[in-house]
Amino acid sequence: MLGKTPRMKRARLALAIAAMVCATGVQAQETEAPPPATPAGDGQAKTLDAVSVTGTRIKSKTMTAASPVMEIDAESFRQTGSTRVEDLVNQYPQLASNFDSFDNNGSDGYGTVSLRDLGPQRTLTLLNGRRLPNGSGETTDVTIIPAALLKRVDILSGGASAVYGSDAVAGVVNFVLDDEFEGVSANVGYSGYQHDNDNRYMRGLIRDADYDYPSGNSGLDGIARNLDLAIGGKFGESGHAVGWLTWRKNEALGQDRRDYSACALSSKGTACGGSATSDPPNFLVYDGQGKGGFAYLGGDGRWASGQDGLYNFAPSNYYQRPDERFTGGMMLRYEITPQFRPYVEAEFVHHKSTVQIAPSGTFFADDIEIACNNSLIGTLCNDLSVATPNALVTVGKRNVEGGPRITDTTTNGFRFVVGANGDLNENWSYDASFLYARGDTTERGRNDFLKDRISDAILGCQPGSFRGCLPYNVWVPNGVTPAAAAALAGTSLSDYSTDLMVLSWYVNGDTGKALPWADDETFKVAGGMEWRSESYSRHSDNDTRTGNFAGAGGPNPDVSGDYNVAEVFLEGALPIVVGAGPLDRFGAEFGYRYSDYSTSGGVNTYKVGLTADMFENRVHLRGGYNRAIRAPSVTELYSVNSISLWSGTDPCAGNSPEFSPAECARTGVSDAQYGRIPASPSDQNNQYGGGNRDLQPEEADTWTVGAAFSPIRNLDVSVDYYDISITDAITTIGASQILRTCAQSGEAALCDRVHRSSSRGDIWIGDDLQRSGYVFNRFDNFGNFHYRGIDLTARYLWTIGPGSLVANIVGSYVVEQENEPIPGFDDATYDCAGNISESCMAPEWRHVANLRYSWDDYSVGLRWRYIGKVDYEDTDGSPGAADRLVASRGGIDAANYFDLSGSLRFAEYWEWTLGVNNVFDREPPLVGAALSNNGNSPGGYDQAGRYLFTSLSYRY
């Protein structure tokens with residue numbers, strides 16, 4: 001346990017291993033002969049092969065899982081034009097609808113999956129039942145998985161740490177490749193988006209702002225091309241090998257290509273917003289007594305109070321990032337003897353992606369104290385009534401002369417597994433393997449300003465300025481030259497690396513012992529041990545580390561670290577009653593794992609499940625309990641605390657603050673500052689946070705109860721309830737939550753985390769910890785989550801005419817998504833189910849339904865994707881009001897998407913597939929800046945209009 005000494009923990013681990021090995025040895029000696037085979041219809045004696053299922057290491061001919069597993073087959077990828085695994089998997093309602101390809105500023109740069117919207121860090125993602133490497137954000141990167149070679153995807157609900165170890169809190173997503181593939185296959189695909197730009201609301205706002213926007217048919221854009229090759233077959237007397245190569249490349253799709261994203265909406269959603277770092281520039285000017293505010297230089301050379309417009313940063317931003325990836329791999333196995341069957345598995349990925357955002361600028365980074373009699377600023381003090389000898393000036397000038405900021409990301413990764421399995425005797429088998437995976441990512445950025453050069457250039461390159469300084473003349477209209485802008489720009493470089501090593505060994509077998517009521521169905525067990533090591537590092541250039549890039553949002557310090565864990569585990573499946581009237585089979589399963597972490601000590605996980613098959617296996621009842629854990633990652637433990645940005649509004653900023661003077665006073669606003677604090681025009685504010693070496697593993701208790709039944713022939717239905725409770729969650733409270741709860745409650749523990757700028761009262765200008773405002777928001781073991789819901793799946797098959805019609809639906813209803821960021825403080829607890837806010841986006845009901853008719857060499861299908869309505873409600877339970885656009889519509893209406901596809905097989909080996917997703921070109925819902933993920937939309941919806949795809953495949 002956590003309080004034991006290292007020596008005691010090692011002794012406990014060794015005793016557990018020894019006890020397990022001894023137990024399996026005794027069981028093997030007591031094994032009885034298997035029951036006689038049942039004659040099959042062809043007169044040959046046959047027995048069912050023992051099979052493996054996701055969620056257990058026990059192989060059984062009869063056992064059904066206590067935890068629900070939903071399956072996505074390979075055909076679904078072809079029928080929807082999905083060439084990235086995350087694009088289809090994340091459409092299913094059990095998973096968060098996060099699509100990294102349509103994230104830009106702040107994207108991970110790679111695909112992830114997140115069950116129950118609890119984050120990819122709480123979803124264990126596997127390939128062929130084994131772990132995958134992490135990406136640069138220290139969550140599992142699925143880009144290495146070849147969609148073209150998938151056999152299926154298993155989605156297991158509920159915790160599974162007793163079977164797989166850390167991270168299986170919300171459940172497991174297991175991508176299973178077709179290791180039996182034989183022959184040669186080739187596939188070439190082409191796809192793109194099309195939209196009719198006719199959004200009247202956005203066009204009106206854009207015209208009011210005098211911006212440009214697209215109109216009419218967009219044509220085919222965001223085009224993607226892919227090529228997949230695979231070969232497989234038997235070799236020797238008992239070997240099999242599969243190899244593959246894939247290539248995929250998609251073009252960029254900019255926000256300027258859609259009228260609904262051609263300008264960035266304000267936080268209210270009622271006008272085109274933007275950034276105060278603009279061109280012509282805006283200024284913040286204060287006198288020595290703290291009086292002042294925004295100001296600008298008019299075209300006539302005179303200074304005036306206020307802002308000279310905002311910069312529309314949307315057109316430069318990517319909607320879909322350009323992306324290119326190569327993947328390859330092989331799977332090989334050979335049976336030398338039944339006792340020794342070695343295998344090898346290897347995958348690699350080369351992935352390039354680019355983020356493009358609006359041009360850099362000075363971003364009000366430095367307060368410049370300048371004498372009013374300095375000829376450089378002309379009549380500034382006189383025009384703005386600065387009554388003191390000096391003025392404090394901060395500049396917001398956009399680098400339109402230098403172009404957008406661009407970050408190129410290149411990832412090279414591989415995963416290698418070598419192992420062997422075999423039979424110990426007729427009833428016992430073993431599996432031993434070693435896995436090594438590594439990912440190396442390089443990020444190279446350009447066109448961002450270096451902060452330590454800005455003041456020198458603005459002040460005219462006085463003696464002592466940086467080498468190569470050119471005056472950056474913001475004091476006269478159109479005074480900045482491209483050469484002066486280029487002199488301020490720098491290049492950033494960051495290298496990330498992740499390493500994963502896993503040594504695993506386990507035995508699996510039949511004890512030969514059965515209960516009297518089990519009709520000779522015996523007790524089966526699996527047990528073994530595992531050792532895992534993970535390391536992570538991020539190293540950057542000095543300017544990146546120290547936060548010297550003006551547009552980076554703060555420092556990005558180096559971090560490196562590692563941890564390892566030694567584990568033993570044991571599972572059992574016990575048939576209790578078999579063949580008792582309508583009860584075909586009633587059984588129990590259990591599991592236990594002890595994990596000894598190098599960073600936090602020992603922790604126990606376990607599971608218990610019950611299953612019942614009834615009425616000739618037409619009804620299957622299941623239920624289970626799991627204790628799961630998630631250990632802290634390297635960045636959560638070791639990342640250096642620093643300033644960064646969070647998206648949201650300061651309710652105490654602006655001329656008409658959302659909160660009252662008394663509420664704002666609790667957050668540090670003085671009477672003189674109230675109503676005079678400059679609001680961040682782009683709704684981005686500062687927070688200060690990072691890692692915490694005192695973190696302990698978070699714990700989760702998960703319950704699942706459900707039933708699967710076949711009431712009539714060819715109809716299968718399942719209903720499952722899940723309940724996930726996480727305590728001592730590794731998380732942050734959230735800057736917005738801290739700020740708002742402090743204002744509303746006055747809780748000292750929260751209000752102490754709000755640090756406002758002493759001169760202006762803001763929390764967004766600059767990133768100097770000593771002078772800038774921020775909200776302290778660090779990782780810790782506080783916070784509880786309680787998520788509950790119901791999953792429904794159904795499938796029915798008809799024989800109609802010359803073919804068959806298959807209908808199926810997968811749906812999920814969210815009963816509760818309770819977030820308790822501060823345990824014991826009820827005023828801060830909120831429920832996201834069915835709501836959207838700055839902290840939430842959780843439709844209560846989502847489903848994917850399919851109808852497909854197949855005959856001869858033809859197949860046509862219709863798919864219906866549904867995302868339920870969400871209400872606009874703040875975390876305190878009151879109706880949301882800050883986003884007037886969303887409030888006026890009562891939230892976000894339900895979205896219905898319809899997809900059509902068809903395929904034709906011809907000339908024996910060829911297949912042509914053609915389809916269109918989002919047939920009716922439904923646009924994503926519009927929200928203001930504080931609720932937006934990318935392009936004025938909260939994310940999770942079809943972002944770019946119709947998706948048209950086609951592919952031609954050959955298989956021999």
Side-chain angles (χ1 to χ4, degrees), residues 51 53-56 58 60 62-73 92-95 115-118 123-124 152-164 168-174 571 573-577 582-591 606-628 700-712 715-725 786-796 808-817 833 844-849:
V51 297
V53 296
T54 297
T56 179
I58 294 175
S60 174
T62 58
M63 187 184 77
T64 50
S67 297
V69 179
M70 193 271 290
E71 179 181 306
I72 305 173
D73 61 21
Y92 279 80
Q94 293 92 337
L95 292 111
L115 271 165
R116 310 301 179 193
D117 205 15
L118 281 166
T123 298
L124 182 60
R152 69 180 192 274
V153 182
D154 293 339
I155 300 174
L156 180 144
S157 295
S161 289
V163 178
Y164 295 114
V169 174
V172 177
V173 178
N174 184 20
E571 287 186 78
L574 176 66
I576 299 174
V577 177
L583 181 63
D584 303 313
R585 183 176 293 100
F586 174 66
E589 64 180 60
F590 68 86
Y606 36 86
K607 70 169 185 174
V608 178
L610 296 172
T611 62
D613 297 321
M614 305 174 67
F615 305 111
E616 297 180 347
N617 291 320
R618 290 184 178 274
V619 176
H620 171 66
L621 306 178
R622 58 197 175 205
Y625 164 78
N626 283 266
R627 162 60 63 88
D701 294 308
T702 71
W703 297 84
T704 56
V705 179
F709 46 94
S710 301
I712 60 175
L715 174 63
D716 299 310
V717 180
S718 68
V719 180
D720 290 280
Y721 169 82
Y722 67 87
D723 187 311
I724 304 172
S725 294
H786 188 197
Y787 284 28
R788 299 184 294 129
I790 299 171
D791 294 335
L792 167 70
T793 64
R795 182 182 185 275
Y796 188 56
N808 66 69
I809 185 171
V810 178
S812 186
Y813 180 77
V814 177
V815 175
E816 181 180 37
Q817 278 194 5
E844 284 185 328
W845 174 258
R846 290 168 54 204
H847 74 237
V848 176

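All values below were derived from every heavy atom in this structure, side-chain atoms included, with hydrogens, water molecules and symmetry-related copies excluded.
In this view, F709 satisfies the ring-ring contact (aromatic ring centres under 6.0 Å, His included) rule with no residue, not counting sequence neighbours. Residues passing the side-chain contact (heavy atoms from CB on, under 4.5 Å) test with I809 are A794, H847, A849, sequence neighbours excluded. Residues that satisfy the salt bridge (charged side-chain N to carboxylate O under 4.0 Å, His left out) test with E844, not counting sequence neighbours, are absent from this structure.
Put simply, the side chain of R846 does not reach to within 4.5 Å of the side chain of S812, judged on heavy atoms. Side-chain contact between N174 and L156 is absent, with no heavy atoms from C-beta onward closer than 4.5 Å. Side-chain atoms of N808 and T793, non-hydrogen and from C-beta on, never get closer than 4.5 Å to each other. Side-chain contact between T704 and R622 is absent, with no heavy-atom pair separated by less than 4.5 Å. Considering only heavy atoms from C-beta on, M70 stays 4.5 Å or farther from P93 through its side chain. At a threshold of 4.5 Å between non-hydrogen side-chain atoms, the residues D154 and V172 do not count as touching. Side-chain contact between T702 and Y722 is absent, with no heavy atoms from C-beta onward closer than 4.5 Å. Proximity of Y796 to V717: side-chain heavy atoms (C-beta onward) are nowhere separated by under 4.5 Å.
A donor-acceptor contact shorter than 3.5 Å links the side chain of D584 to the backbone of N617. Under the 3.5 Å distance criterion, the side-chain polar atoms of T123 are matched with a main-chain donor or acceptor of L115.
Separation of atoms CZ (R795) and OG (S710) is listed at 10.5 Å; rounding is to 0.5 Å. Between the OH atom of Y813 and the CH2 atom of W845 there is a distance of 10.0 Å, given to the nearest 0.5 Å. I155 CD1 to L95 CG: the interatomic distance, rounded to the nearest 0.5 Å, is 5.0 Å. Interatomic distance, CD1 of I72 versus OH of Y92, reported as 4.5 Å (0.5 Å rounding). The CD1 atom of I724 sits 9.5 Å away from the CD atom of Q817 when rounded to the nearest 0.5 Å. M614 contributes atom CE, which lies 6.0 Å from atom CG of L583 (distance to the nearest 0.5 angstrom).
Heavy atoms only, all atoms of each residue included: A833 and E816 are closest at CB-CA, 4.0 Å. Between L621 and V619, the shortest heavy-atom contact is CD2-CG1, 4.0 Å. Annotation for L118 and A170: closest pair CD1-CB, 3.8 Å, computed over non-hydrogen atoms. Between G159 and A628, the closest heavy-atom pair is CA-CB, 4.1 Å.
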Could you please spell out the steps behind the side-chain contact (heavy atoms from CB on, under 4.5 Å) verdict for F586 and L610? CA-CA 8 Å; F586 174 66; L610 296 172; 4.2 Å; yes
Verify side-chain contact (heavy atoms from CB on, under 4.5 Å) between V153 and V173, making sure each step is shown before the conclusion. CA-CA 7 Å; V153 182; V173 178; 3.8 Å; yes
side-chain contact (heavy atoms from CB on, under 4.5 Å) assessment of E571 paired with E589: CA-CA 7 Å; E571 287 186 78; E589 64 180 60; 5.8 Å; no
Residues D701, R627; criterion side-chain contact (heavy atoms from CB on, under 4.5 Å); working and verdict: CA-CA 5 Å; D701 294 308; R627 162 60 63 88; 2.8 Å; yes
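Looking at R116 and D791, a side-chain N of the basic residue comes within less than 4.0 Å of a carboxylate O on the acidic one, giving a salt bridge.
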